[in-house]
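Read through the structure below, which is laid out as structure tokens, and then see the notes.
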Amino acid sequence: MPRCLLSFDQGTTSSRAILFSTEGQILATGQREFTQHFPKPGWVEHDPEEIWQSTLASTREALAASGCALSDIAAAGITNQRETTIVWERASGKPVYNAIVWQDRRTADVCQQLKADAELEPRIAAKTGLLLDPYFSATKLAWILDNVDGARERAERGELAFGTVDTFLLWRLTGGKVHATDASNASRTLLFNIHSQQWDEELLQLFRIPAALLPEVKDSAADYGRVDSSLFGAEIAIGGVAGDQQAALVGQACFRPGMAKSTYGTGCFMVMNTGNEALKSTHRLLTTVAYRINGETTYALEGSIFMAGATIQWIRDGLNLISSACETQSLAEATGYENPVYMVPAFTGLGAPYWDPQARGAIMGLTRDTGIKEIVTAGLQAVCYQTRDLLEAMALDGVEPAQLRVDGGMVVNGWLVQFLADVLGIPIACPKVTETTALGAAFLAGLQVGVYQSLDDVEAFWVHDRAYQPKLEESQRQHLYEGWLNAVQRVRCGS
Ligand SMILES: Nc1ncnc2c1ncn2[C@@H]1O[C@H](COP(=O)(O)OP(=O)(O)O)[C@@H](O)[C@H]1O
Ligand SMILES: O=P(O)(O)OC[C@H](O)CO
């Protein structure tokens with residue numbers, strides 16, 4: 001009986017491959033960082049060939065470290081940075097342009113022009129659960145078709161294929177045999193109707209996207225073909241695909257309505273399971289597909305923050321105030337909660353619930369005795385205040401979670417997580433296995449090949465590690481948060 005599951009976890013800054021036991025324990029990991037390209041202000045690109053090579057290298061590293069025979073692998077799952085848009089030639093598999101990354105704002109003007117028709121955004125939101133923002137794939141895809149020589153004509157002739165990163169990897173892994181995505185990834189494109197679960201004709205026309213480009217949309221646990229044997233030495237069944245934040249919801253075992261997780265990596269993404277109801281937010285959160293299994297769609301509400309760990313990277317690499325992210329904890333401990341400095345890291349505008357692409361970052365409340373530690377602490381606090389913004393929006397939508405499960409690279413910082421509990425006023429739980437994104441994809445793959453019969457089977461594998469209880473007086477919690485709201489108000493440009 002095969003005893004492990006392989007996960008390809010293709011993130012914004014690195015590609016990881018993780019082998020899990022069928023009980024959800026990590027057996028081996030491989031990881032490769034790759035280059036971030038910033039060709040113009042507000043533009044962010046990745047080289048798809050580098051995404052591919054780093055995926056191959058990290059997988060080979062994990063396979064070698066695990067000592068697992070390929071025949072031990074029951075199935076593989078793919079999870080990925082979402083929205084990032086790639087177009088390639090069907091004949092050669094060669095991309096026609098770099099991947100336009102989810103953070104890229106080059107199509108902000110296009111979105112702004114479309115918003116001039118006040119009825120359009122609500123109509124799009126009703127179909128897709130999303131807003132008119134450059135974050136999503138549709139305007140990025142249109143940009144490639146309009147700016148790469150001959151791309152539109154070739155797309156119309158059926159010579160090109162579009163995909164988010166899962167689809168591109170699937171194409172490459174299967175040797176060009178499978179052009180597919182899952183419903184959770186499709187739901188981030190602005191082209192997919194989350195109610196009918198189909199690509200939407202009206203949206204394709206609006207964004208001028210030829211249907212011939214599009215992949216088939218499958219369940220998140222489905223037959224996605226097999227990894228070509230030439231790549232790792234034997235075929236491996238691909239049984240699961242999900243966008244990374246939805247996969248983390250699965251890896252955090254948030255299977256019941258009201259359960260929520262928040263992932264603190266480059267950005268922060270808070271996702272709450274809303275069951276089979278596509279709950280419509282009236283406070284600018286996104287409605288999205290959490291996962292689709294056996295044709296049954298589970299929906300989620302999501303709040304997306306663009307700058308979480310990336311704020312700390314900027315403090316480290318842009319300002320050179322620290323030499324490593326882990327220094328932030330002791331600096332924050334030395335500063336304490338009553339920090340008069342507020343940082344609003346709106347470097348690429350503000351995401352949920354403000355959706356203000358024109359807002360820009362600011363540091364406020366500086367005095368003559370402000371030093372490095374206050375600025376660093378303000379960076380950590382900003383991540384927590386932004387999470388509170390999301391929680392407030394969920395509460396106004398009538399679905400506040402009673403507890404939050406957290407993961408991602410930042411949650412090793414105990415000060416940050418305690419401050420988060422204090423600012424939110426709800427308990428926070430960290431699991432033992434924090435690679436929840438990869439774990440979620442592995443669970444979906446295991447479900448498809450019969451390692452598990454249902455998601456109930458994997459619930460027991462979520463093992464609690466640390467809990468943080470809120471300790472702050474309500475009045476102090478409010479006082480701190482009001483300082484944040486005031487700071488945000490000052491950087492807003494309106495949207
Ligand atoms: N001790 C720490 N305190 C605060 N932030 C940290 C700490 N360690 C890492 N980080 C931040 O976590 C992020 C990395 O998290 P990770 O989940 O690997 O990101 P991603 O998957 O988006 O590439 C980095 O942006 C880094 O700045
Ligand atoms: O790769 P991450 O972890 O930064 O996640 C990126 C998100 O999927 C973007 O929506």
Side-chain angles (χ1 to χ4, degrees), residues 8-16 18 29 31-34 36 44 46 51 54 58 78-85 99-104 130 133-137 140 164-166 184-185 187-190 242-249 251 261-271 286 288 300 302-319 321-333 345 347-348 351-352 376-377 379-384 406-420 434-438 440-441:
F8 301 102
D9 178 0
Q10 206 302 303
T12 309
T13 56
S14 73
S15 301
R16 275 190 277 244
I18 303 187
T29 302
Q31 181 165 11
R32 287 287 186 286
E33 293 200 355
F34 55 85
Q36 308 290 313
V44 189
H46 294 158
I51 287 182
S54 59
S58 59
I78 301 175
T79 182
N80 53 290
Q81 54 166 319
R82 307 164 305 164
E83 299 96 14
T84 297
T85 298
I100 303 187
V101 178
W102 59 275
Q103 297 155 315
D104 190 291
L130 310 176
D133 191 89
Y135 174 31
F136 307 106
S137 312
K140 299 180 195 293
T164 39
V165 172
D166 55 313
S184 75
N185 273 297
S187 76
R188 313 298 296 187
T189 58
L190 267 183
D244 57 7
Q245 303 308 320
Q246 288 95 330
L249 192 74
K261 72 89 207 175
S262 204
T263 300
Y264 296 88
T266 305
C268 158
F269 302 89
M270 185 162 153
V271 182
L286 307 174
T288 206
E302 174 174 321
S304 321
I305 300 170
F306 301 143
M307 299 289 293
T311 309
I312 305 305
Q313 281 168 351
W314 173 73
I315 289 172
R316 186 193 61 192
D317 306 333
L319 299 184
L321 296 185
I322 51 174
S323 54
S324 134
C326 62
E327 290 168 31
T328 57
Q329 174 148 354
S330 55
L331 291 168
E333 281 163 1
F347 302 110
T348 54
V376 168
T377 305
L380 293 177
Q381 288 177 303
V383 174
C384 303
V406 297
D407 53 63
M410 292 191 90
V411 305
V412 295
N413 187 323
W415 186 93
L416 174 98
V417 187
Q418 183 58 54
F419 186 71
L420 186 64
T434 55
E435 295 287 356
T436 56
T437 299

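Indexing begins at 1, ligand by ligand and atom by atom, following the structure's order.
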Problem - Min N/O separation Trp102 to ligand 2 under 3.5 Å - result: no
Exercise for the section: Kindly confirm or rule out an N or O of Gln81 lying under 3.5 angstrom from an N or O of ligand 2. Expected result: no
Practice task
At a heavy-atom distance under 4.0 Å, which protein residues reach ligand 1? Sort them by chain and number, would you?
Solution key: Thr13, Arg16, Gly265, Thr266, Gly309, Ala310, Ile312, Gln313, Ala325, Cys326, Thr328, Gly408, Gly409, Met410, Val412, Asn413
Completion exercise
Numbered in order shown, the ligand 2 atoms found under 4.0 Å of a heavy atom of Thr266 are 4 (O)
Problem - Numbered atoms of ligand 2 (with element) below 4.0 Å of Gln245, judged on heavy atoms - result: 3 (O), 5 (O)
Fill in the blank from the handout: ligand 2 to Gly11, heavy atom cutoff 4.0 Å, flagged ligand atoms 1 (O)
Problem - Step-by-step side-chain contact (heavy atoms from CB on, under 4.5 Å) determination, Ile322 to Ile312 - result: CA-CA 9 Å; Ile322 51 174; Ile312 305 305; 4.2 Å; yes
Handout entry: Heavy-atom pair with the smallest gap, counting every atom of Thr437 and Ala247
Key = O-CB, 3.4 Å
Exercise for the section: For the residue pair Trp102 and Phe306, categorise the inter-ring angle as parallel (less than 30°), tilted (30 to 60°) or perpendicular (more than 60°). Expected result: tilted
Handout entry: Which atom of Leu416 lies closest to which atom of Cys384, heavy atoms considered
Key = O-SG, 3.7 Å
Practice task
Consider only side-chain N and O atoms of Ser304 and Glu302, and report whether a donor and an acceptor are under 3.5 Å apart.
Solution key: yes
Problem - ligand 2 to Arg188 polar contact by distance, N or O atoms, under 3.5 Å - result: no
Exercise for the section: Consider every N or O of Arg82 and every N or O of ligand 2, then say whether any pair is closer than 3.5 Å. Expected result: yes
Exercise for the section: Consider only side-chain N and O atoms of Thr263 and Asp407, and report whether a donor and an acceptor are under 3.5 Å apart. Expected result: yes
Practice task
Report yes or no: does Gly265 have a heavy atom closer than 4.0 Å to ligand 2?
Solution key: no
Practice task
Write down the atom of Gln10, the atom of Val165, and the distance for their closest heavy-atom approach.
Solution key: OE1-CG1, 3.5 Å
Exercise for the section: Over 60° means perpendicular and under 30° means parallel, so classify the ring planes of His46 and Phe34, tilted if in between. Expected result: perpendicular
Problem - Smallest separation among heavy atoms of Leu319 and Ile315, with atom names - result: CB-O, 3.5 Å
Exercise for the section: Would you check, one step at a time, whether the test side-chain contact (heavy atoms from CB on, under 4.5 Å) holds for Val417 with Tyr264? Expected result: CA-CA 10 Å; Val417 187; Tyr264 296 88; over 6 Å; no
Handout entry: Heavy-atom side-chain proximity of Arg316 to Thr328 below 4.5 angstrom
Key = no
Completion exercise
The protein heavy atom nearest to atom 8 (O) of ligand 2 is Asp244 OD1, 2.5 Å
Handout entry: Per-atom contacts, ligand 2 versus Tyr135 - under 4.0 Å to a heavy atom
Key = 9 (C), 10 (O)
Handout entry: Backbone of Asp104 reached by a side-chain donor or acceptor of Lys140 within 3.5 Å
Key = yes
Practice task
Could you find the nearest protein heavy atom to atom 4 (O) of ligand 2 and give me its residue, atom name and distance?
Solution key: Thr12 OG1, 2.9 Å
Practice task
List every atom of ligand 2 that sits less than 4.0 Å from any heavy atom of Glu83, numbering the atoms from 1 in the order shown and giving each element.
Solution key: 9 (C), 10 (O)
